[in-house]
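Contents: one structure, followed by commentary.
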2 protein chains.
Amino acid sequence: MNSRNLSGDTATRILKTASRLFYEQGYHVTGINQVITEAGVAKASFYYHFSSKEELCLAYLHQRHQDWFCWLQQEVEQHEDDQERLLSLFTFLERWLPDSNFRGCAFLNIASEFPSPDSKIRLLVVNHKNALQSFIQQLVKKLNPLTDENHIGLLSDVIYLLFEGAINESQIYRSTRFIQVTREAVRQLIT
Amino acid sequence: MNSRNLSGDTATRILKTASRLFYEQGYHVTGINQVITEAGVAKASFYYHFSSKEELCLAYLHQRHQDWFCWLQQEVEQHEDDQERLLSLFTFLERWLPDSNFRGCAFLNIASEFPSPDSKIRLLVVNHKNALQSFIQQLVKKLNPLTDENHIGLLSDVIYLLFEGAINESQIYRSTRFIQVTREAVRQLIT
DNA sequence: GTCTATATGTCGATAGAC
DNA sequence: GTCTATCGACATATAGAC
C-alpha cells in the first residue's frame, strides 16, 4: 500500500525466520548471522528494526504466545460438549507436537536457556503459563459448575500438570504415547 | 598416592566445575574458557583429559545420572511403609529443587539445547528417564502387588507425568506449590 | 531503510616448549 | 601432564555510503 509496508515486510521476515530458528535450534546456538542470511536481509537492516538479539527473542515469544493460544482455542471451540472441550486439550497436543517435530514447548525450552529469574524473558514464560492455567481452569469450571472451589482448583492443577508432563515426554521420546495416557487419565478424573 | 592421582584430580576438578556451570547456566552459554578458568587449569590440560566440549557434557550427564539416583534412593529408603516410600518421591523434590535454586532437571534442560534426536546426549537423557519410570513402577508394584498389569502401568505413568510436571513448574515459578499439589493428588490416587 | 565494511571480542581447538 | 601462545571461525553490534 505505502512505504510502511516495505518496512513491515522486512521486520516480519526477520521475525518469522528467527522464530523458526529459535524454536527449532534454540536461542544461544542461533546466531544473528544465520538469521539475517536466511531472512535475506543485511545485518544493519536487522539492527534498524530490532535493538538487540534479546529484543528479537522477546518479540518471538510475544508472537508465539498469541499464535499458540489461537491454535489451542481453534481446537477446543470445535466441540460443544463441555467434557469434549476439556478432552480436546489432548487432541490438540496430538496434532501440534508431531507437526512441530516434537520440539516441545517454546517457552520451557527458552526458560532452560535463561536461568536468571529476573530476566524479561522469564516474565513472558510465567505469563504464558499463567494464561494456560486460567484457560484450563475455565474449562474445568464449566464442566463442574456446582463443585466447591477447592476441588476445582486441585483438579485444574492436576490436569495442567499432566498437560505439561505430556508435552515434555513427547519431546523426550518423540512419541504421542504419553498424550494418550494423559487423555485417558483425565477422562477417568472427570467422570 | 602416585602420579595417577594428580591426573585424576585435574580431570575431576574440570568435571566438577563444568557440571556446576552446565547445570546453573546451560551448555551453549558456558564456554570452555570459563570452565578452565574456574577450574584453575590450562586449556591444553583440559583437552588432554577430554577430547571435546561435547565429550565433557557426556561425562557430566553420566555422573549426574548416578548422583541424582543416589539422592533419590536415599530419600526413599528412609521409609519402610510402601505408601510412604512412594510419597517420599515428592519429599525428595521438596528438598532437591530449592537446594538447586529451582534449576530443574539437568537432563530436560540439556535436551532443550540439543534438539537433534540422534545425538549421544539425547540417548543419555532417554536412558535417565527410562530409569526413573522403572523406579516409579517398582514402587507402585510393591504397593499394589495384586492389581493387574494394565492398571499398574497406567498408574505408574500418571505418577511419572505428575512427577515430571512438578519439576517443571517448580522451575518456572521457583516455588514448591505444585509439588505439594502433586503429592496430594498422588495420595488420593493410591488410596 | 537498506546496504557493505568493519570493530571488537570470544568461541572451540591445537602446536610446541618444558 | 601442564603450560603459554596462537589459530581460524564466528559472535554481537556499529559506521557511514547510498
Side-chain angles (χ1 to χ4, degrees), chain A residues 1-61 110 112-116 119-121, chain B residues 1-61 110 112-116 119-121:
Chain A
M1 305 291 190
N2 54 30
S3 63
R4 275 173 61 246
N5 273 348
L6 295 174
S7 153
D9 278 352
T10 300
T12 302
R13 202 160 63 250
I14 293 171
L15 182 55
K16 282 201 167 191
T17 305
S19 297
R20 174 173 55 82
L21 294 174
F22 286 161
Y23 184 61
E24 292 179 357
Q25 302 182 341
Y27 175 82
H28 286 113
V29 85
T30 299
I32 290 296
N33 292 325
Q34 188 182 11
V35 173
I36 64 169
T37 299
E38 298 199 14
V41 302
K43 188 171 286 192
S45 297
F46 162 71
Y47 280 102
Y48 176 83
H49 290 282
F50 298 92
S51 61
S52 69
K53 184 186 176 186
E54 185 168 341
E55 205 67 33
L56 177 63
C57 186
L58 289 170
Y60 153 57
L61 292 179
I110 286 287
S112 286
E113 296 203 66
F114 286 85
S116 168
S119 67
K120 289 182 184 173
I121 284 173
Chain B
M1 306 292 187
N2 54 30
S3 63
R4 275 172 61 248
N5 274 346
L6 294 175
S7 154
D9 279 351
T10 299
T12 302
R13 203 159 63 248
I14 293 171
L15 183 56
K16 283 201 167 193
T17 305
S19 297
R20 175 172 56 81
L21 295 174
F22 286 161
Y23 184 60
E24 293 179 356
Q25 303 182 341
Y27 175 82
H28 285 113
V29 86
T30 299
I32 290 295
N33 292 321
Q34 187 182 12
V35 172
I36 63 170
T37 298
E38 298 199 15
V41 302
K43 187 171 286 194
S45 297
F46 163 71
Y47 280 102
Y48 176 82
H49 290 283
F50 299 91
S51 62
S52 69
K53 184 185 177 187
E54 185 167 341
E55 205 67 34
L56 177 63
C57 186
L58 289 170
Y60 153 58
L61 292 179
I110 285 289
S112 286
E113 297 203 65
F114 285 85
S116 168
S119 66
K120 290 183 185 175
I121 284 174

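Here is the naming used below: chain letters follow the sequence lines, and residue numbers restart at 1 for every chain. Source: prediction; values computed, not measured.
Separating the CD1 atom of B:I36 from the P atom of D:dG1 is a distance of 19 Å, rounded to the nearest angstrom. The interatomic distance linking B:D9 (CG) with D:dG1 (P) rounds to 11 Å, in whole Å. Nucleotide C:dC11 holds its C1' atom 16 Å from the CD atom of B:E54, rounded to whole Å. Rounded to an integer number of Å, the gap from B:H49 NE2 to D:dG1 P is 7 Å. Rounded to whole angstrom, the span from the CZ atom of A:F46 across to the C1' atom of D:dT14 amounts to 13 Å.
Looking at residues two or more places apart in sequence or on another chain, you find a ring pair (Phe, Tyr, Trp, His ring centres under 6.0 Å) between B:Y60 and B:F22.
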Output one line per pair: protein atom, nucleotide atom from nucleotides 9-12 of chain D, and distance, for all N/O pairs under 3.5 Å.
from   : atom 1 : to    : atom 2 : distance (Å)
D:dA11 : OP2    : A:N33 : ND2    : 2.6
D:dT12 : OP1    : A:K53 : NZ     : 2.8
D:dT12 : OP2    : A:I32 : N      : 2.6
D:dT12 : O4     : A:K43 : NZ     : 3.4

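Considering all non-hydrogen atoms of both residues, B:S119 and B:F114 come closest at OG-CB, 4.3 Å. Taking both residues in full, the closest heavy atoms of B:F50 and B:A59 are given as CE2-CB, 4.1 Å, listed atom of the first, atom of the second, then distance. Counting all heavy atoms, side chain and backbone alike, A:L56 lies closest to A:V35 at CD2-CG1, 4.5 Å.
The closest donor-acceptor contact from the side chain of B:K43 to the backbone of B:I32 lies at 3.5 Å or more, if one exists at all. The main-chain N or O of B:E54 is never found under 3.5 Å from a side-chain atom of B:K120 such that the two would form a donor-acceptor pair.
In terms of phosphate contacts, B:Y48 brings no side-chain nitrogen or oxygen within less than 4.0 Å of OP1 or OP2 of D:dT2. Using a 4.0 Å cut-off, no side-chain N or O of B:S45 falls inside it from OP1 or OP2 of D:dG1. For B:T10 and D:dG1, the shortest distance from a side-chain N or O to OP1 or OP2 is not below 4.0 Å.
Within the model, atoms CG of B:L58 and NZ of B:K53 stand 12.5 Å from one another, a figure rounded to the nearest 0.5 Å. In this structure, CD1 on A:I36 lies 8.5 Å from OG on A:S45, to the nearest 0.5 angstrom.
A residue-by-residue look at A:A42 and B:A44 shows that A:A42 has its nearest nucleotide of DNA chain C further toward the 5' end.
Relative to the axis of its first five pairs, the axis of the last five pairs of the helix from C:dG1-D:dC18 to C:dC18-D:dG1 sits at 10°, rounded to 10 degrees.
Checked by atom type, the side-chain pair A:T17/A:E38 shows no donor-acceptor distance below 3.5 Å.
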